[in-house]
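Have a look at the structure below before the remarks.
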Amino acid sequence: MKARRMLSVILVSMLSSALLLSACSSGNNSSNNVKSTTGNTTSKAEGNGDDVKPAKEEPLTFTYFGNYDWWGLDAWGDNAISKWIMDNKGVTVKEVATGGASQAKLNTMIASNELPDLILMDRGPGVERLRAAGALVPLDEYLDKYPNFKQYVGDATLNLLRSSDGKLYQLPNYYTSTPNGNSGWLIEKKIYKELGSPALETFDDLHAYLKLVKEKYPNVIPLEIDTSGWGHRMIYTGFKENNPPMLVDHSVYTDGDALKPIWGDPAYAEALKYTSMLFREKLISQDALTQTGDQLSEKLVNGRVAVIAAGDAANLGRSPDEELKKKDPEDGYMAIWPIHKAGLDKNKITPNNWNSLGWNVNVITKNAKDPEAIFRFLDWMTGPEGQQVVWFGPQGVLWDSVDGDGIPIPNDKWTSMPPEEKDKIGLQSYNFVGNTTFIDGAKVKIEMTLPEDKRNWSTVQQTNVFWKTSMNATQFVNLDPLPDTAEGIAAQSVGEIAKEALAKAIFAKNDAEVDEVLAQAEKDALKVGFDSVLKFKENAWHNNQTIVGQ
């Protein structure tokens with residue numbers, strides 16, 4: 001599978017809506033033409049006045065490995081973007097194929113000391129394993145020499161990425177300084193209109209609406225909660241203000257300055273009792289915990305779901321909306337403001353959370369012949385000109401000029417070029433160090449210039465709802481212990497306990513049984529060492545708060 005196709009699904013959930021960070025590429029404030037940084041031009045590092053070497057000094061070739069089974073780059077030089085980079089930056093990237101088994105491939109390369117020059121991977125244990133083995137290049141000496149990472153990522157986020165030795169080995173991908181997220185609630189518009197467009201704000205409203213759907217549309221599923229019951233998090237976030245769903249991953253909730261087992265959170269108990277009630281009343285799909293993504297998509301495409309609470313709602317609803325509109329322009333799906341418990345402030349309900357670190361990271365290995373040149377290239381890529389090229393294509397293809405903020409202004413080809421021709425450009429295929437704030441500011445601005453029927457459905461839902469209901473949860477990143485430590489082993493056991501408890505709670509016969517399930521889950525978790533895990537996570541959380549000032 002090509003990286004672009006998978007990223008079009010994954011990365012949209014990582015994009016945010018705010019305006020661009022200040023200080024785009026030089027010349028953008030005074031001209032509508034992109035000012036090139038190729039050739040022999042130089043730029044200045046902000047604040048120090050030192051000359052910065054251009055990205056293209058001499059030809060650079062490096063190997064690149066994405067540590068994901070699905071990873072695969074479009075062939076370098078076969079499309080407009082990679083060819084532009086070759087011609088203007090002198091850079092060639094040689095992909096190291098995963099063979100569909102990325103971790104096995106990486107292990108083999110580690111054992112044989114044949115690591116690629118650059119690796120894209122998840123933050124955490126994998127990076128620390130390479131660092132401890134002395135395989136990674138520390139990057140601190142390059143930060144002041146090349147300005148974009150410091151300017152756009154920021155010191156606080158870079159400090160969150162530092163290893164225990166105090167050095168920086170990782171460069172973030174799809175980092176952000178503005179809200180993003182893709183989770184929330186969608187409704188089928190035609191069904192909603194035919195039922196009189198009733199209020200859908202509180203959980204009481206939702207319950208009444210789902211019962212009405214079941215009565216009037218016996219072949220329609222009133223509510224879907226995603227695959228594996230993931231949507232129960234959307235319900236949970238509606239029972240408490242400023243409640244980031246990512247804490248469910250850690251089986252914790254905050255109580256003042258402490259982290260406690262989630263099964264003791266009254267709001268979590270209330271949410272699961274509500275979910276279980278809906279399940280017992282057959283208002284939730286009875287295969288909610290076992291259905292596949294394809295099965296869920298098929299229901300949506302055929303308009304057989306009235307309401308869905310999902311983690312990837314902005315992607316999940318896009319194709320179904322398009323298909324339903326082909327049959328009836330007034331039909332389709334739309335995002336609604338998050339459902340909440342009566343009495344809570346609806347503007348403090350956060351089914352989305354974002355963190356400044358974004359998705360994953362790049363590490364440069366000591367096998368690289370010229371690590372500084374690779375850093376310099378990545379620093380160019382994460383800046384305004386790099387993001388213009390790798391996300392929106394080279395100047396002169398889909399856009400000819402930029403506005404005062406460095407945002408590409410779409411030309412006629414933006415909407416008229418056939419999809420198969422756009423595929424040849426290589427859009428979104430090579431964004432190794434995505435600058436989400438820049439991309440999102442550009443995306444929203446561009447979409448708003450297009451006729452309403454030409455706008456990207458996902459971007460519209462994100463702009464209208466999802467990004468407005470997202471909480472900054474940067475303070476909760478990096479809470480996981482290494483998997484081969486006592487805390488890490490205990491955390492894995494706790495994760496299995498949490499998964500089993502969720503299923504039992506949803507299938508419970510009554511509220512009392514839900515309480516029993518939650519109480520037993522907490523006891524079981526403490527038996528396998530959750531106390532030590534809580535202490536580790538709490539210390540990491542407080543350390544993060546010190547770094548980011550939250």
Side-chain angles (χ1 to χ4, degrees), residues 20-28 34-64 84-86 88-93 117-120 127 136-163 166-177 356-358 360-391 406 430-439:
L20 298 175
L21 294 170
S22 60
C24 290
S25 58
S26 60
N28 283 343
V34 176
K35 192 168 185 178
S36 173
T37 57
T38 59
N40 294 319
T41 59
T42 59
S43 58
K44 301 282 185 179
E46 185 174 287
N48 60 22
D50 295 332
D51 283 344
V52 177
K53 298 178 182 178
K56 180 181 178 182
E57 288 192 326
E58 58 185 39
L60 168 66
T61 297
F62 64 86
T63 54
Y64 194 37
W84 188 96
I85 293 174
M86 290 177 68
N88 292 275
K89 298 298 177 186
V91 173
T92 299
V93 178
D117 302 325
L118 185 66
I119 302 174
L120 179 70
V127 174
L136 301 183
V137 176
L139 307 174
D140 298 82
E141 66 176 296
Y142 307 136
L143 287 175
D144 288 327
K145 198 170 185 181
Y146 308 102
N148 284 327
F149 280 113
K150 285 196 71 172
Q151 179 177 346
Y152 293 102
V153 178
D155 287 334
T157 298
L158 290 172
N159 287 338
L160 286 171
L161 290 167
R162 293 188 181 280
S163 293
K167 296 179 181 179
L168 179 71
Y169 297 90
Q170 319 172 65
L171 297 174
N173 185 28
Y174 291 98
Y175 60 89
T176 184
S177 61
S356 63
L357 274 67
N360 49 17
V361 293
N362 294 269
V363 294
I364 301 174
T365 76
K366 289 185 177 179
N367 282 20
K369 294 181 180 179
D370 192 347
E372 181 175 349
I374 295 174
F375 184 98
R376 184 169 61 243
F377 171 66
L378 295 177
D379 189 76
W380 166 82
M381 181 179 280
T382 208
E385 186 188 56
Q387 294 299 286
Q388 291 163 0
V389 171
V390 299
W391 193 267
Y430 308 109
N431 207 3
F432 306 155
V433 281
N435 181 338
T436 301
T437 299
F438 182 93
I439 295 167

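What you see is a predicted model, and the numbers here were worked out from it, not measured in a lab.
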From CG (L120) to CG (L171), nearest 0.5 Å: 11.0 Å
Does any part of the side chain of V390, heavy atoms only, come nearer than 4.5 Å to the side chain of F432, both counted from C-beta? no
Are the side chains of L136 and I119 in touch, meaning some heavy atoms are under 4.5 Å apart? no
Sequence neighbours excluded, the answer for salt bridge (charged side-chain N to carboxylate O under 4.0 Å, His left out) partners of D140 is R162
Where is the tightest heavy-atom contact between L160 and S356, given as atom of each residue plus distance? CD1-OG, 4.4 Å
Verify side chain to side chain contact (heavy atoms under 4.5 Å, CB included) between L378 and F149, making sure each step is shown before the conclusion. CA-CA 9 Å; L378 295 177; F149 280 113; 4.1 Å; yes
I would like to know whether F375 and L143 meet side chain to side chain contact (heavy atoms under 4.5 Å, CB included); could you show each step before the answer? CA-CA 9 Å; F375 184 98; L143 287 175; 3.9 Å; yes
Distance-only, no hydrogens or angles: does the N148 side chain make a donor-acceptor pair with backbone N or O of D379 under 3.5 Å? yes
Could you pull out the closest heavy-atom pair between K167 and P138, with the gap in Å? CD-CB, 4.1 Å
Counting distance only, does the side-chain N/O of Q387 pair as donor-acceptor with the main-chain N or O of N435 below 3.5 Å? yes
Take the angle between the ring planes of W380 and F377 and call it parallel below 30°, perpendicular above 60°, tilted in between. parallel
Any Y142 side-chain heavy atom under 4.5 Å of R376 side chain: no
Mind checking what makes side-chain contact (heavy atoms from CB on, under 4.5 Å) contact with S163, not counting sequence neighbours? E128, R131, D165, Y169
Decide yes or no for V433 and V153: does some side-chain heavy atom of the first lie under 4.5 Å from some side-chain heavy atom of the second? no
Under 3.5 Å: donor-acceptor pair, side chain of N367, backbone of D117: no
Hey, does the side chain of T436 reach the backbone of Y174 with a donor-acceptor pair shorter than 3.5 angstrom? yes
Assess whether side chain to side chain contact (heavy atoms under 4.5 Å, CB included) is satisfied between Y152 and Y175, documenting all intermediate values. CA-CA 9 Å; Y152 293 102; Y175 60 89; 3.6 Å; yes
Between T437 (side chain only) and S177 (backbone N and O only), is there a donor and an acceptor less than 3.5 Å apart? yes
Tell me the closest heavy-atom pair linking A373 and L60, and the distance in Å. O-CD2, 3.6 Å
Within this structure, what is the CG-NZ distance for the pair D155 and K150, rounded to the nearest 0.5 Å? 5.0 Å
To the nearest 0.5 angstrom, please state how far the NZ atom of K369 sits from the CD1 atom of I374. 11.0 Å
Check the pair W391 / F438 against side chain to side chain contact (heavy atoms under 4.5 Å, CB included), numbers first and verdict last. CA-CA 10 Å; W391 193 267; F438 182 93; over 6 Å; no
Check whether any side-chain heavy atom of K89 sits under 4.5 Å from a side-chain heavy atom of W84, and report yes or no. yes
Taking every non-hydrogen atom, the tightest pair across Q170 and V361: OE1-CG2, 3.4 Å
Smallest separation among heavy atoms of L168 and L158, with atom names: CD1-O, 3.6 Å
